[in-house]
Amino acid sequence: MPELPEVETIRLQLAPALEGRRIDGVEVRDARWSEPAPPEAIDDALRGRLIEQVARRGKYLIVSLGDDVHLVMHLRMTGNLLLIEGAEHPPLHTRVAVQLDDGRRLLFVDVRRFGTGDVLLGSDALAEYFESRLGVEPLSADFTSEALRAMARGRKQPVKAFLLNQERIAGVGNIYADEALFRARIHPLRSVGTLKRDQIEALRAGVVESLELGIDSKGASIDDYRHLDGARGSFQDRFLVHTRAGEPCPRCGTPIEKLRAAGRGTYVCPNCQRRPRVRRR
DNA sequence: CGCCCTGTTGGGGA
DNA sequence: ATCCCCAACAGGGC
């Protein structure tokens, strides 16, 4: 059993990664392990350990290994995690390959290199990592109207920025936020602190419903099938307003409009989701 | 062919 | 708190 490195948190920079190495003939460019941990420390932390549990928190994946070692990964926008057979050729843009003892490999593939990975030593380090980053799980019993109202109270922030902030509600992305707001009939630029009690409840329900659209009948996220041809199209078809500028609102027929909120492309029905009095840009 | 814009995210700086 | 930019690419419009 290898000795644990002294550092408590190892930054495993998946993007870029593994300078100067080739993975089955696939060249990996501009790669390096970032400070403070040298590659040997990463190897030592992972080598010989059993995968005991795979979990999710917000948009993070957690692979828990023996001796309280945790590999925490984020796919960001284009990342993908693949399990391949030993003889299989890793796809282009493979950044990190973890060799498993049965001959298979776990690949982190990411065209844009936004994805991240951290090796955390100990459950305290793991808890701390998420405490500073993530708020309530919206699909848990803790996500009540009361909790949402308490978080929103007094804030002038546009409601869309509030939803995208992972430190309060974990896991709501751009597409999901638009869907939740459309369902709740709330304009994304509305100040979150001004929402009435019934709007807060509608927003809570909208968030839950939008997230459920991303889960298929087997309980797996539809994002699990991203790499399969055609999955992407059917995924987007589930959402009513996102990327549908010009198309008629499914509720009232008014053309969907595109605007910018919280720095992201944002889609609304201008009739169902009334603009706040004070315009902002 | 080149330039410009956009983007399933999050972090840092002004 | 809030806006803006950036990371590193692909893909589409012009």
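Letters go in sequence order (proteins before strands), and every chain restarts at 1.
- One finds a salt bridge joining A:E179 and A:R183 here, because a Lys/Arg side-chain nitrogen approaches an Asp/Glu carboxylate oxygen to under 4.0 Å.
- Backbone-only engagement by A:G265 is indicated by non-hydrogen atom pairs under 4.0 Å involving sugar-phosphate atoms exclusively.
- Rounded to whole Å, atom P of B:dG10 lies 8 Å from atom CG of A:L134.
- Taking 4.0 angstrom as the limit, A:R76 places none of its side-chain polar atoms (N or O) nearer than this to OP1 or OP2 of C:dC6.
- Here A:K258 reaches the OP1 or OP2 of B:dG7: one of its side-chain N or O atoms lies under 4.0 Å away.
- Between A:R113 atom CZ and B:dG10 atom C1' there is a gap of 18 Å when expressed in whole angstrom units.
- With both ends at atom P, the span from B:dC1 to C:dA10 equals 15 Å, rounded to whole Å.
- Contact annotation: A:R155 side-chain N/O to C:dA1 OP1/OP2 distance is under 4.0 Å.
- Residue side chain A:R264 reaches the base of B:dG10 through a donor-acceptor N/O pair under 3.5 Å, judged by distance alone.
- Nucleic acid contact class of A:F162 (heavy atoms, under 4.0 Å, all strands): none.
- As rounded to whole Å, 19 Å separates atom P of C:dA1 from atom NZ of A:K160.
- Considering all non-hydrogen atoms of both residues, A:R275 and A:H187 come closest at CG-NE2, 3.3 Å.
- The partner of B:dT8, taking Watson-Crick or G-U wobble pairs whose two distances both stay under 3.5 Å, does not exist in any strand shown.
- Taking the charged nitrogens against the carboxylate oxygens, A:D102 and A:R104 do have a contact shorter than 4.0 Å, which makes a salt bridge.
- Between A:V111 and A:A262, the residue anchored closer to the 5' end of DNA chain C is A:A262, taking for each the nucleotide with the nearest heavy atom.
- At least one side-chain heavy atom of A:P91 sits less than 4.5 Å from a side-chain heavy atom of A:L82.
- Side-chain N/O atoms of A:Q166 include one lying less than 4.0 angstrom from OP1 or OP2 on B:dG10.
- Side chain of A:K156, nearest nucleotide from C:dT2, B:dT6, C:dA1: C:dT2.
- Closest of all the heavy-atom pairs between A:K59 and A:G173 is NZ-CA, 3.4 Å.
- B:dT6 atom C1' lies 14 Å from atom CD1 of A:I175, rounded to whole Å.
- When the P atom is used for both B:dC5 and C:dC4, the distance is 15 Å, rounded to whole Å.
- Of the P atoms belonging to B:dC4 and C:dC5, the separation is 15 Å, rounded to the nearest Å.
- Remark: P of C:dA7 and CG of A:L75 are 22 Å apart, rounded to the nearest angstrom.
- For A:K59 and B:dT9, the shortest distance from a side-chain N or O to OP1 or OP2 is below 4.0 Å.
- Atom CZ in A:R56 sits roughly 15 Å away from atom C1' in B:dT8 (whole-Å rounding).
- The gap from the C1' atom of B:dT8 to that of C:dT2 amounts to 24 Å, rounded to the nearest Å.
- The nearest whole Å value for the distance from the CZ atom in A:R168 to the P atom in B:dG10 is 14 Å.
- C:dA7 has A:F114 stacked on its base ring, the centres lying under 5.5 angstrom apart and the planes within 30 degrees of parallel.
- In this structure, A:H74 reaches the B:dG10 phosphate: one of its side-chain N or O atoms is under 4.0 Å from OP1 or OP2.
- Put simply, the side chain of A:L163 reaches to within 4.5 Å of the side chain of A:V207, judged on heavy atoms.
- Whole-Å rounding puts the A:R238 CZ to B:dT8 C1' distance at 14 Å.
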